[in-house]
Amino acid sequence: MQYNFKEIEAKWQQYWAKNQTFKASNHSDKQKFYVLDMFPYPSGAGLHVGHPLGYIASDIYARFKRHQGFNVLHPQGYDSFGLPAEQYAIQTGQHPAITTKTNIARYREQLDKMGFSFDWSREVRTSDPNYYRWTQWIFIQLFESYYCNDAQQARPIAELEEVFAKEGNANINAVCDEDVVSFSGEDWKNYADKEKQAILLKYRLTYLAETEVNWCPQLGTVLANDEIVNGVSERGGYPVIRKKMKQWSMRISAYAERLLQGLDAIDWTESLKESQRNWIGKSVGAEVEFRVQNSEFRVQVFTTRPDTIFGATFMTLAPEHDLVLKITTPDQKEAVEAYIEKTSKRSERDRMADVKTISGVFTGAYAEHPFTKEPVPIWIGDYVLASYGTGAVMAVPCGDQRDYDFAKHYNIPIKNIFKDIDISENAYAEKDCVIDNSDFLNDLPYKKATKRAIFELEKLGQGKGKTNYRLRDAVFSRQRYWGEPFPVYYKDGMPQMIDEKHLPIQLPEVEKYLPTEEGEPPLGRADVWAWDTEKNEVVSNDLIDEERVFPLELNTMPGWAGSSWYFFRYMEDSIRDEVFASQEALDYWQNVDLYIGGSEHATGHLLYARFWTKFLKDRNLVPIEEPFKKLINQGMILGESAFVYRIKGENRFVSKDLIGEGKVQPIHTDVSFVNLSNELDVEAFKHWRPEFKEAEFLLNENGKYIVGREVEKMSKSKYNVVNPDDICEDFGADTLRMYEMFLGPLEQAKPWNTAGITGVHNFIKKLWKLYHSNDALVVSEEKTSKESLKTLHKTIKKVTEDIENFSFNTSVSTFMICVNELTAQKCTSREVLEPLAVLIAPYAPHIAEELWQKMGHQESISRVAYPKFDEKHLVESNKNYPISFNGKMRFTLDLPLDLSKEEIEKAVMQDERTQKQLEGRTPKKVIVVPGKIVNIVG
RNA sequence: GCUCAAGUGGCGGAAUUGGUAGACGCGCUGGAUUCAAAAUCCAGUUUCUUCGGAAGUGUGGGUUCGAUUCCCACCUUGAGUACCA
């Protein structure tokens, strides 16, 4: 029987689906193991061969763990809310739900062809109301919580209200907005309900706040930094302005320290942890208060170098700083206003990218140095960002290069406060010197000076030690249609949560997916989008009376809402209507043991998911602190683009091997027109686009047109996309799976080259042949040769180690060597061929199942115990010693392993090749490492 | 600029704790089989070479009996991030 992969693969894919082979049980005595792929967004383009790389790796691992006797959870689903479906809806009028459904069907079809062992019974879709009701539910829990700094955890907001009523907020140590005023218990009781709500909002973990955003009036939407190019929108080129908008935010900054500390306990790559650390951006220093002369205003600055405070010769405020206009003197007013105007037109990214230009304006005002009481001029400059620290710095030109450059540029004095340090050319930012010219800090090193400075500031009441984080609270509102609606209505302008039992609040129908003419989000177009507080249902807007019926929130949630908790949803298999996941399921599965996905999620998804998990833990909703124990980033698979060469100014194309000195213009051609030998299907190319129809082709001597190749990112626009369906069709899923692994280390970027796949395909065919002779199975019960057992156990050892190290590329090589050796040994022994089938099953599951069944087994191979390595088959009596001279291997010598050092040395020195190498010299030294190497020096 | 990766044949890559550099595969060359092709099989394939050998893992140093592996400096490429006070 020939190896017929189409038949075999279809057969087993059906078998697995029918028998629910990979369904995980929530009730098992086995140890659990949870393997997860990062949530895919089902795009309209479908999958290309780069996408499944991580899925194949995680599938191999999941299958391996099943063989090892674990109860494996390996689910899959879709992050199905998102912008592309909405864009498509805007263009075509097609409801995003329909587009999404079609795309998911296509994804599923492609995934099924690759033989993944997913438990599809647990599938989730973020756009499914039954799923997003729990996203809304978590949002409500966040709203009903605040962060207590004493307990270092989230607590119910009701506790806070109790304390407020009793004693006000004087003794509350909680994370809150900066502008909270202090009040007594008596005050609280006298506040109107609306006032109370406004205060509580400043403490809630999700809150409404004015946030500065990039607003594009023409598009009626907010744009992300990377959607803006040169100050105008990437799409359409419309102007973008900085605008304050009232939006929902998440108080992730409350968790900054825990998000930082938590990294130490998880098994992620150092580079990934590093980028999260940078993102969180912890810096320790002090907050210092500078009094503005002749006024009641005070400027707070944050500094990491309080030890250099005597070197502060000026201050710089961000142009947006609240105090700027208040302190500016009349004669500087014009210049300051012009500068602010100029800055507001530059995007934050613009300002940050432009490091070289130094600009700023003097406000005319002076602050008073806290210690020397000397006047310190107050400047504004756009190198200071309003969003970091306090939006103001004390400028120490001798110790900070930017302050130094600024001072030089505007002729501000530079005071040297470092002992024996030359600052005539540059600032000195190192911390390894002694302070000078600084009153009580003189002669102190960095650490002691810092401590002393903070101590003195506190004594003065003008500062304190402070830790600052770069991590900002995350904006949670989107002016979009295709996302989760908020379970929120507005009463008297204050947000009210809809009771949990009325969830989900489903997305309303709109006739267009664009913002309204008034600039409201698309939900502003919905006619039935008001909340009836008596009937507890969504009703027509006509009924809004602000007594019983109120308007609903018009924003929707961002993409990361649904993906911040989906890994918990997979744990629940039966009572999803009642809970987001049951306590029992959560206790059993705990967290994800292995998470595989792209590194583009390093600071977005992975930070938010950690944040929500910590929050849910605080509120006793989940049992764990970190969601992903081990995480691996798979590298990108790059495409090999193909180029044809058009002679400049003509419609003639010249084959790559004929390009001489003439000027040619390379043009991308679709890789599907090119065969494995880089020859172009000229007819197909001509029919591709009308402008090529009449083109002339200069072919080489063999009558072929040869294309050029270049490695680029795999993408539709570069016409270099390779579809996994085509590969499955031509070579089969087992070959595709093994080839993707064979390409190189999982975590590295590597180019896809379809030509190379024949090597792996040949290997699979050789594997099949090993079990067959003249189309019949040849597995025998005969005694196995020592040689074959050695081959088998060598393979078991290597492959097991490789899987544990996620080194899948090397195990494919190992299988090739194994099959080559067994073929040469003419091994037909069941004792070898059965374990081999199990070893290879995680990689090539279809052929493994088929061989397993042909060998007489009724059950699927997927839970057969993994073969055990036995050292005894690898024991050798001899070693082929490499004999080196001065570290260079010159020849090898076969010697028994039980020889002593002296015996080895004797044998080596007697060898005539040794004498030849030495040419009569006497060796200075002979290094003998028994079982390894001999090195002769001299 | 900073942080993190990574530089090995024509190509993808291997060498797990410092111990035979180039495993395995692609491609290429030659051969067998075939009317021919596909498929399959066999042999060869780092470079130079006076055919004895010699050199060789981005560059230059260092440690070591011995370095692709460890240390220092530099170069190149990729990814992330950015005036962070």
Side-chain angles (χ1 to χ4, degrees), chain A residues 269-275 277-279 281-283 285 301-305 308 315-316 318 349 351-358 381-385 387-396 399-403 405-406 468-470 599-600 602-603 633 635-636 638 640 676-677 709 711 739 742-745 747-763 765-766 769 798 801-802 804-805 807 809-817 820 880-892 916 923-929 931-938:
Chain A
T269 59
E270 206 40 51
S271 65
L272 191 57
K273 289 188 189 182
E274 199 54 33
S275 53
R277 284 190 194 111
N278 286 339
W279 198 260
K282 180 178 182 175
S283 44
V301 303
F302 175 72
T303 175
T304 52
R305 295 292 303 274
T308 64
M315 304 182 66
T316 314
R349 179 160 290 198
R351 267 168 71 177
M352 292 189 232
D354 182 14
V355 186
K356 295 205 178 70
T357 327
I358 294 165
D382 65 5
Y383 77 96
V384 177
L385 301 179
S387 58
Y388 185 77
T390 58
V393 301
M394 64 173 207
V396 182
D400 182 285
Q401 194 58 43
R402 280 158 318 170
D403 295 343
D405 295 340
F406 196 90
N468 205 37
Y469 299 91
R470 194 172 82 97
S599 55
E600 66 272 22
T603 46
N633 286 132
M636 211 191 314
L638 305 165
E640 262 204 326
L676 298 185
S677 307
R709 291 283 196 168
V711 172
Y739 186 55
F742 187 60
L743 282 176
E747 302 182 46
Q748 258 171 46
K750 55 229 159 220
W752 175 269
N753 174 7
T754 305
I757 203 170
T758 52
V760 172
H761 193 58
N762 279 343
F763 156 74
K765 285 195 279 190
K766 274 192 218 166
K769 273 195 205 158
K798 174 82 174 132
E801 283 168 5
D802 282 348
E804 276 159 3
N805 294 323
S807 174
N809 54 326
T810 50
S811 40
V812 177
S813 308
T814 305
F815 284 127
M816 288 174 171
I817 294 166
N820 286 345
N880 194 22
Y881 278 96
I883 312 300
S884 303
F885 293 81
N886 297 319
K888 288 262 170 212
M889 202 279 289
R890 292 309 178 206
F891 61 89
T892 60
K916 200 177 162 195
K924 284 191 198 129
K925 206 174 181 185
V926 178
I927 312 276
V928 177
V929 185
K932 283 237 161 117
I933 198 171
V934 177
N935 190 20
I936 298 163
V937 187

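Convention: sequence-line order gives letters A, B, ...; per-chain numbering from 1.
Listed for the A:Asn805 side chain is a donor-acceptor partner under 3.5 Å among the backbone atoms of A:Glu801. Although no hydrogens or angles enter the test, the distance criterion places a donor-acceptor pair under 3.5 Å between the side chain of A:Arg470 and the main chain of A:Asn278. Within the 3.5 Å criterion, the main-chain N or O of A:Ser283 finds no donor-acceptor partner in the side chain of A:Asn468.
Residue contacts shown for A:Glu801 include a base, since a base heavy atom lies under 4.0 Å away. A:Lys273 comes within 4.0 angstrom of nothing in the nucleic acid, heavy atoms only. Here A:Asn820 lies in heavy-atom contact (under 4.0 Å) with sugar-phosphate atoms only. Using a 4.0 Å heavy-atom cutoff across all strands shown, A:Thr304 reaches sugar-phosphate atoms only and no base atom. A:Asn805 comes within contact range of no nucleotide atom at all, as no heavy-atom separation falls under 4.0 Å. Within 4.0 Å (heavy atoms only), A:Lys888 reaches at least one base atom of the nucleic acid.
Taking the syn range as angles within 90° of 0, the glycosidic angle of B:G9 is syn. B:G62: glycosidic angle beyond 90° from 0, hence anti.
Rounded to the nearest Å, the gap between the P atom of B:U16 and that of B:U76 is 30 Å. With P as the reference atom, B:U57 and B:U47 are 15 Å apart, rounded to whole Å. For the C1' atoms, the distance linking B:C75 with B:G27 amounts to 31 Å, nearest Å. With C1' as the reference atom, B:G53 and B:U64 are 27 Å apart, rounded to whole Å. The same atom, P, is picked in B:G31 and in B:G13; the two are 33 Å apart, to the nearest Å. Remark: the separation of the C1' atoms in B:A67 and B:G18 is 6 Å, to the nearest Å. With P as the reference atom, B:A38 and B:C51 are 40 Å apart, rounded to whole Å. Comparing the same atom, C1', in B:A55 and in B:U49 gives a spacing of 10 Å after rounding to whole Å.
Considering only side-chain N and O atoms, A:Asn762 lies under 4.0 angstrom from the phosphate OP1 or OP2 of B:U40. Remark: A:Arg890 is not in phosphate contact with B:U20, judged by side-chain N or O atoms under 4.0 Å from OP1 or OP2.
Across all strands shown, B:U68 remains unpaired; no Watson-Crick or G-U wobble contact has both distances below 3.5 Å. Taking a pair to require two hydrogen-bonding distances under 3.5 Å in either a Watson-Crick or a G-U wobble arrangement, B:U63 remains unpaired. Across all strands shown, the partner of B:G80 is B:C2, judged by Watson-Crick or G-U wobble contacts whose two distances both fall under 3.5 Å. Nucleotide B:G9 forms a pair with no other nucleotide shown, judged by Watson-Crick or G-U wobble geometry with both contacts under 3.5 Å. Base pairing annotation: B:A14 forms no Watson-Crick or G-U wobble pair, as no partner gives both donor-acceptor distances under 3.5 Å. Using Watson-Crick or G-U wobble geometry with both donor-acceptor distances under 3.5 Å, B:C74 finds its partner in B:G58. Nucleotide B:A32 has B:U40 as its partner under the Watson-Crick or G-U criteria, with both atom distances under 3.5 Å. Taking a pair to require two hydrogen-bonding distances under 3.5 Å in either a Watson-Crick or a G-U wobble arrangement, B:A23 remains unpaired.
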List every contact pair, protein side and nucleotides 11-15 of chain B side both N or O, where the distance is under 3.5 Å.
from  : atom 1 : to       : atom 2 : distance (Å)
B:G12 : O2'    : A:Leu743 : O      : 2.4
B:A14 : OP1    : A:Asn809 : ND2    : 2.9

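Of the candidate nucleotides B:U20, B:A82, B:C26, B:U20 has the atom lying nearest to any side-chain atom of A:Thr892. Closest to the side chain of A:Trp279, out of B:U81, B:C84, B:G19, is B:U81. For A:Ile817, taking side-chain heavy atoms from C-beta onward, the closest of the listed nucleotides B:U20, B:A23, B:G19 is B:A23. The side chain of A:Arg402 has B:A85 as its nearest neighbour among B:A85, B:U16, B:G19. Side chain of A:Arg470, nearest nucleotide from B:C84, B:C4, B:C26: B:C84. When distances run from any side-chain atom of A:Lys925 to the nucleotides B:C65, B:U3, B:C84, the shortest one goes to B:C65. Side chain of A:Ile933, nearest nucleotide from B:G19, B:U3, B:C84: B:G19. Distances were taken from every side-chain heavy atom of A:Lys766 (C-beta onward) to each of B:G80, B:C41, B:C84; the shortest belongs to B:C41.
Rounding to whole angstrom units, CZ of residue A:Arg305 and P of B:A85 are separated by 11 Å. Rounded to whole angstrom, the span from the CE atom of A:Met816 across to the P atom of B:C24 amounts to 11 Å. Rounded to whole angstrom, the span from the CZ atom of A:Phe302 across to the P atom of B:C84 amounts to 13 Å. When the P atom of B:A38 is taken as reference, atom NE2 of A:His761 falls 16 Å away, rounded to whole Å. Residue A:Leu638 contributes atom CG, which lies 13 Å from atom C1' of B:U77 at whole-angstrom precision. At whole-Å resolution of the value, OH in A:Tyr469 and P in B:A85 are 14 Å apart. A straight line from CE of A:Met889 to P of B:G56 spans 15 Å, rounded to a whole angstrom. Note: NZ (A:Lys932) to C1' (B:G19) measures 7 Å, nearest angstrom.
Between A:Ser884 and A:Gly759, the residue anchored closer to the 5' end of RNA chain B is A:Ser884, taking for each the nucleotide with the nearest heavy atom. Residues A:Gly281 and A:Val934 each lie close to RNA chain B; by heavy-atom proximity, the contact nearer the 5' end of the strand is made by A:Val934.
Contact between A:Pro745 and A:Asn809 at its shortest, heavy atoms only, is N-ND2, 3.5 Å. Nearest heavy-atom pair across A:Thr603 and A:Ser275 is CG2-O, 3.7 Å. Residues A:Lys750 and A:Gln748 approach most closely at NZ-O, 2.9 Å, considering heavy atoms. In plain terms, the two heavy atoms of A:Val301 and A:Thr390 that are nearest each other are CA-OG1, 3.3 Å.
If you check the side chains of A:Lys925 and A:Asn935, you find no donor sitting under 3.5 Å from an acceptor. Between the side chains of A:Asn753 and A:Tyr739, not a single donor N or O lies within less than 3.5 Å of an accepting N or O.
Each of A:Arg890, A:Met889, A:Lys932 was evaluated against A:Pro882; a single residue qualifies, A:Met889, per the side-chain contact (heavy atoms from CB on, under 4.5 Å) test.
With a 4.5 Å cut-off on side-chain heavy atoms, A:Tyr383 and A:Leu385 do not count as touching. Side-chain contact between A:Ile358 and A:Arg402 is absent, with no heavy atoms from C-beta onward closer than 4.5 Å.
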